[in-house]
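Beneath this line is the structure, given in structure tokens, with notes to follow.
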Amino acid sequence: MASEFLIKAQGLQKSFGKHQVLKGVDLAATSQQVVTIIGASGSGKSTLLRCLNLLEIPDSGSLLFDGEEIDFQPGKKNPLMSKWVASVRRQMSMVFQNFNLWSQMTVLENVSLAPIKVLGLTKKQAHERAGRYLDKVGILDKAQDYPARLSGGQQQRCAIARALAMEPKLLLFDEPTSALDPELVGEVLRIIKLLVEEERSMILVTHEIGFAREVSSQVIFLHQGLVEETGTAQQVFNHTVSPRCQKFLASVL
Ligand code: ADP
Ligand code: MG
């Protein structure tokens, strides 16, 4: 039977050396949901996102995505892993805090590269597609510029266009506005809001609590590699149970 979930992670654990960063994290989302992850710096939010799209391979736990499930076992290499990694990378696109654009490529080339290399589009097809998404995020006029010529907000919008150009089933955002000057935050949140209105599935790490309250189907508060509190935005923000979550919210609101 097909799962009702687009993504479902169970018991994800990840250590770096002796430091266990994820201690058994569960997360599940159906299609079109927006899951927001909040938590203090160092709580494991980025590591969790990186484990979901297999930039890091979890030590143990399981991950179901788009109807396929994989188990991670310590010290055991799954023979299907490389196939799985490739398929996950095609279907999940990540937007990073520091944009991670290729500085030696134009905006258009940044957005076209993965559709050419990974999806096998021709250059012409990829450029057409890139143009559509650059237009969507409002920087089509910057297509021939190099990223350094753009403001931080424009660079992040370029990174969002690059993620969209893969036409992924799931978008991951890791603190997409944290590196921006305050006056540039709004233009990036406006684009993310547009994507929410299009009912795209996404997992969003952010400290923008007001925005999270507005868009989230589900909020997860991570504390030291464990889910400390989870529920609807209303539950987590207005009826906070965990004192640690209360303290965290007080510090960012
Ligand atoms: P957050 O995104 O919530 O700030 P991270 O997931 O980035 O937290 O980091 C959680 C902890 O894991 C931190 O203590 C960080 O130093 C550590 N960590 C993250 N990535 C690595 C890595 N590649 N190697 C070693 N330690 C790491
Ligand atoms: Mg982080």
Side-chain angles (χ1 to χ4, degrees), residues 7 9-29 34-63 65 72 74-75 77 81 85 88-89 92-101 152-153 155-156 159-160 162-163 170-182 184-185 188-189 192 202-212 215-216 218-231 233 236-237 240 242-253:
I7 185 163
Q10 287 183 291
L12 286 188
Q13 299 195 18
K14 180 70 188 176
S15 296
F16 297 107
K18 287 193 176 132
H19 182 187
Q20 190 176 21
V21 176
L22 300 181
K23 298 173 182 163
V25 174
D26 297 342
L27 173 155
V34 178
V35 177
T36 299
I37 300 169
I38 57 171
S41 174
S43 57
K45 304 178 300 295
S46 296
T47 304
L48 175 57
L49 285 192
R50 293 168 64 84
C51 281
L52 294 180
N53 82 344
L54 302 181
L55 280 172
E56 303 283 358
I57 303 298
D59 301 326
S60 58
S62 68
L63 182 62
F65 176 64
F72 306 100
K77 211 165 149 36
M81 189 62 76
V85 169
V88 165
R89 296 270 172 79
M92 259 193 231
S93 293
M94 177 120 136
V95 174
F96 300 88
Q97 180 172 349
N98 292 310
F99 328 134
N100 292 13
L101 296 172
Q155 289 187 49
Q156 192 59 302
I160 294 173
R162 180 175 63 176
L170 179 66
L171 286 163
L172 306 177
F173 289 92
D174 192 359
E175 299 198 39
T177 60
S178 293
L180 298 176
D181 292 335
L184 302 179
V185 168
V188 171
L189 292 183
I192 300 175
M202 59 178 88
I203 300 180
L204 170 66
V205 174
T206 187
H207 293 306
E208 297 286 335
I209 301 301
F211 185 74
V215 302
S216 308
Q218 194 190 135
V219 178
I220 290 175
F221 171 67
L222 267 194
H223 176 73
Q224 294 183 357
L226 282 170
V227 176
E228 165 102 1
E229 175 142 1
T230 181
V236 173
F237 296 138
T240 321
S242 146
R244 288 193 188 111
C245 186
Q246 280 169 357
K247 200 167 154 217
F248 170 75
L249 289 172
S251 76
V252 291
L253 276 171

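Keep in mind that what you see is a predicted model, and the values were worked out from it rather than measured. Each ligand, and each atom within it, is numbered from 1 in the order the structure gives. Residue numbers run from 1 in the order of the sequence given.
- In this structure the side chain of V21 never reaches within 4.5 angstrom of the side chain of S15, judged on heavy atoms.
- Contact of the Q13 side chain with the K23 side chain is not registered, since no non-hydrogen atoms from C-beta on lie closer than 4.5 Å.
- Inspection of the E228 and S242 side chains reveals an N or O donor paired with an N or O acceptor under 3.5 Å.
- The two residues L54 and R89 come nearest to each other via the heavy atoms O-NH2, 2.8 Å.
- For the pair L170 and F65, the minimum side-chain heavy-atom distance is below 4.5 Å.
- For the residue pair L204 and V215, the shortest heavy atom distance occurs at CD2-CG2, 4.4 Å.
- Here the side chains of F99 and L180 are in contact, with some heavy-atom distance below 4.5 Å.
- Annotation: side chain of E175 is in contact with side chain of K45 (closest heavy-atom distance under 4.5 Å).
- Protein residues are said to neighbour a ligand when one of their heavy atoms lies under 4.0 Å from it; for ligand 1 these are F16, H19, V21, A40, S41, G42, S43, G44, K45, S46, T47.
- Between M94 and L49 there is a side-chain heavy-atom pair separated by less than 4.5 Å.
- The number of protein N, O or S atoms lying under 2.8 Å from the Mg ion (ligand 2) is 1.
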